[in-house]
Amino acid sequence: MSATTTLQIALPVPLPGCFDYLYQGTAVPPRGARVKVPFGRRTLIGLVHGSEPSTYPKLKPVQAVIDDAPILPDELYQLCERAARYYHHPLGEVLNYALPTLLRQGGEAQASQEKRWRITDRGFHVSDEQVSRAPRQRQALQTLREHPKGLTGAMLTALEVPAATLASLRDKGWAEQILLDDAPAIPREVLAQAPLPANPQQHQAIHAIQDAQGFQPFLLDGVTGSGKTEVYLQAMAPVLAAGKQVLVLVPEIGLTPQTVQRFRQRFSVPVVTLHSGLGDRERLDNWLAARDGKARILIGTRSAIFTPLANPGLIIVDEAHDTSLKQQDGLRFHARDLATWRAQQCDIPVVLGSATPALESLQLAREGRFHWLKLSKRATDQGRPPIETLDATLAPPGQPLLPQSLQALKQCVSEGRQALVFINRRGYAPMILCQDCGWQAECQRCDSFLTWHRSEGSLRCHHCDSRQRVPTRCPKCGSSHIQEAGSGTEKLTELLEQALPVPVIRIDRDATRRKGSLDAHLARIQKGEPAVLVGTQMLAKGHHFPRLSLVVILDMDAGFLSADFRGPEQAAQLLLQVAGRSGREDHGRVLLQTRHPDHQLLQLAASGDYPALASALLEERKLAALPPFGHLALFRCEAMNLGKAMEFLQQLSGIPLPPGVQLLGPVPAPMEKRAGRYRTQLLLQSDRRAPLHQAIEALLETARSLPQARQCRWHLDVDPIDML
Ligand code: ADP
Ligand code: ZN
Ligand code: ZN
């Protein structure tokens, strides 16, 4: 006998609410199972949300049921629901975001059946001497050691490991072929490497985390090099020993291979990574390994907060102040906040670690809502080098470097050490202009100047990526006196190559575009030979360069003077991160060139006293009712002309709001035009979250009903971190 049920299905469409469909059959699919349904002229895959009777007369039937069990654990489903409510985003889209691409497309939730080559325990301990006469085998062993989860045939071919060599390794018992599914039996001893003896502050932090009962949020506030990673590692050990999983969020995995390596070396449990660099198949395999409990340490970027966990024990957010944790399009979630919610839901501890905590996190710690753990000294007994400020207005015309900076660089490399010159600007020069009439090369599609990339002979816009040829004559007056202004990484590299007798290694997005080139550069730096690194913020985070003793920082002023209220906070965080690369294992020096040596916040940041700076900034935020004291939401709108974009938000701004909610705007965005579109915004502010959410709900309802809603692009950003 077959019964008819009405199912509510969450679909990945930009509309609120779930959709009703009929289901005919006795085995009603549970909440969280995937089904295929007709939607307009398309067929979509959605997740079952519930089964309540419907009054809607003409329901369409479900076309197919894909899973008979929920694809996501209930705990994760609930996290998605909470995110959907908080960010006012359709549940179907949030759930869809939480699924790997292959599952979104209806693929089977099954790990790949392809065999992989993996190193054996014996193979792992083969010394280089043992294979000194078999260079291919030595190379192959090294490759396999670097990929403890094993490599497929295709991957090995790409890495140029010959099949015959693999066969020899297998015959010696040094390598084996496995199905990914053959999870290694969980070793009784999870530690593969002895922990470092913790110093008293580390000891206290480790024990506080280990002793936590159920949900407890921690702020691990430790200066760069204070050994936060060591605290994570030691706090994790008993969690892993108890058979549980640890989820670690990091800003960008590709940039910090060292961090992943430290986790792999310390523990003998399976470690998997989750980030955008993975192929669809690998991503699904890792996701399933997490869901089924085979992977025990999951390291991933912000979207990894949606990884299903069979047996969660601890969540760690490294560099928890980092803005990459906030997604800036689609579902605009903050992975740091979701990490806390998730820990609460799973009733486990969560650790936010940072040398320069976000003011939001600091305030929670000040109020006692987060347990505040402090590491105030470097773990290696090296004091943090002071930041010396230099007046950049004294630089010779057209020269980015002050004579003192150049002198210090010369001295540093002559002592056989490494130096870093930080400049947060790619390309040769940020601007070109006509000396006769003052014309400047601007992007046609954005309110911004074009950057000269001399090596590729083009002018590029860093906002919309459009490119132009470099003009030989001024398009306005015809003069041939065209000149660049300012410097970027390319120009600085060129200058330093001329001035110094050592290699200059440039690290920015352009210089590391080719796959593997960043790793190659980093490996070269690790070797420790004298060199100067020139780089953007790619070099600021997480790296540990033992031979680096001098850091020269050019032009951090923009952030401190920014119109965005978060400008000084973010500039100070970046400044201290970059400075923290210096002298990690030996004495160090940091020089900051600034055109505003008297700027008060900059001075405070340069003094290295982040807590004092944070206090000053928190005072300002309190007076202005800005986060963390006031809460914000931003409606942004873009249209082909400014009038349209203003008109839409104008209509919204007229509706009545709950008491306690302020509305500002609409106004053109600080960057009014980008990629050919005009941008406007409407800011909502409230001291309390509840009325803010009510106001958002009311605005959204109106917005969806307006005919203009279809003539412009618009979205809502709750807790925005970028006001530009
Ligand atoms: P952070 O993550 O706070 O920047 P790390 O964990 O990378 O700091 O530690 C910085 C350096 O100090 C690393 O080389 C690490 O091996 C070393 N270190 C950390 N803790 C200790 C310790 N207790 N004893 C000795 N060295 C330590
Ligand atoms: Zn001109
Ligand atoms: Zn542009």
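These figures come from a predicted structure and were not determined experimentally. Every number for a ligand or one of its atoms is a count from 1 in the order of the listing.
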Novice: Report yes or no: does E569 contribute a side-chain atom to a donor-acceptor pair with the main-chain N or O of L359 at less than 3.5 Å?
Specialist: yes

Novice: Angle between ring planes, H453 versus H462, binned at 30° and 60°: parallel, tilted or perpendicular?
Specialist: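 It falls in the perpendicular class, over 60°.
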
Novice: Which ligand 1 atoms are under 4.0 Å away from a heavy-atom of E230?
Specialist: 6 (O), 20 (N)

Novice: Checking contacts here: is it the side chain or the backbone of R262 that comes within 4.0 Å of ligand 1, counting heavy atoms only? Could be both or neither.
Specialist: side chain

Novice: So which bit of L196 gets within less than 4.0 Å of ligand 1, heavy atoms only: side chain, backbone, both or neither?
Specialist: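 Looking at L196 and ligand 1, just side chain atoms fall under 4.0 Å.
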
Novice: Among all protein heavy atoms, pick the one closest to atom 17 (C) of ligand 1 and tell me residue, atom and distance.
Specialist: T380 CG2, 4.0 Å

Novice: Backbone, side chain, both or neither: what part of Q202 comes under 4.0 angstrom of ligand 1, heavy atoms only?
Specialist: side chain

Novice: To the nearest 10°, what's the angle at the Zn ion (ligand 3) between atoms SG (C461) and SG (C464)?
Specialist: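 Between SG of C461 and SG of C464, at the Zn ion (ligand 3), the angle is about 110°.
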
Novice: What protein N, O or S atoms come within a distance below 2.8 Å of the Zn ion (ligand 2), ordered by chain and number?
Specialist: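 Protein N, O or S atoms closer than 2.8 Å to the Zn ion (ligand 2): C434 SG, C437 SG, C474 SG, C477 SG.
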
Novice: Does this structure show an ion pair linking R454 with E484, if we count only N-O contacts that are shorter than 4.0 Å?
Specialist: no

Novice: Under 4.0 Å, heavy atoms only, figure out whether ligand 1 is touched by the backbone of P197, its side chain, both or neither.
Specialist: backbone

Novice: Do me a favour and list the nearest non-hydrogen protein atom to atom 19 (C) of ligand 1 with residue, atom name and distance?
Specialist: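 Protein heavy atom at minimum distance: A379 CB, 3.4 Å.
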
Novice: N/O/S of H462 less than 2.8 Å from the Zn ion (ligand 3)?
Specialist: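 Within the cut-off used here (under 2.8 Å), H462 places no N, O or S atom near the Zn ion (ligand 3).
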
Novice: Which residue and non-hydrogen atom of the protein lie closest to atom 4 (O) of ligand 1, and at what distance in Å?
Specialist: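 Checking every protein heavy atom, the shortest distance to atom 4 (O) of ligand 1 gives G225 N, 2.9 Å.
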
Novice: Starting from atom 13 (C) of ligand 1, which protein heavy atom do you reach first, and at what distance in Å?
Specialist: H544 CE1, 4.1 Å

Novice: Between the side chains of R417 and E415, is the shortest nitrogen-to-carboxylate-oxygen separation below 4.0 Å, so that they form an ion pair?
Specialist: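 Looking at E415 and R417, the cut-off is met.
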
Novice: If only side-chain N and O atoms count, and only distance matters, is there a donor-acceptor pair under 3.5 Å linking S455 with E490?
Specialist: yes

Novice: Does the plane of the ring in F648 sit parallel, tilted or perpendicular to the ring in W714? Use 30° and 60° as the thresholds.
Specialist: tilted

Novice: Counting backbone and side chain alike, does C446 bring an N/O/S atom below 2.8 Å of the Zn ion (ligand 3)?
Specialist: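 Given the 2.8 Å cut-off, C446 counts as a ligand of the Zn ion (ligand 3).
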
Novice: Is it the case that Q142 and R145 place a side-chain donor and acceptor less than 3.5 Å from each other?
Specialist: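 Per modelled atom types, Q142 and R145 side chains form a pair under 3.5 Å.
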
Novice: May I ask you to check if ligand 1 and G227 share an N or O to N or O distance below 3.5 Å?
Specialist: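 N/O-N/O distance below 3.5 Å exists for this pair.
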
Novice: Please report the interatomic distance CG(L249) to CD1(I315), rounded to the nearest 0.5 Å.
Specialist: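 L249 atom CG to I315 atom CD1 measures 7.5 Å (nearest 0.5 Å).
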
Novice: Do you know which two heavy atoms are closest between I209 and F218, and how far apart they sit?
Specialist: CA-CZ, 3.8 Å

Novice: Examine the side chains of Q435 and S479 and answer whether a donor and an acceptor come within less than 3.5 Å of each other.
Specialist: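 S479 and Q435 do not have a side-chain donor-acceptor pair below 3.5 Å.
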
Novice: Does one side chain, of R366 or S615, offer a donor that lies under 3.5 Å from an acceptor on the other?
Specialist: yes

Novice: Is the closest basic N to carboxylate O distance between R426 and D510 below 4.0 Å?
Specialist: yes

Novice: Less than 3.5 Å between some nitrogen or oxygen of T229 and one of ligand 1, yes or no?
Specialist: yes

Novice: Taking NZ, NE, NH1 and NH2 as the nitrogens, is one of them in D717 or R636 under 4.0 Å from a carboxylate oxygen of the other?
Specialist: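 A salt bridge links D717 with R636.
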
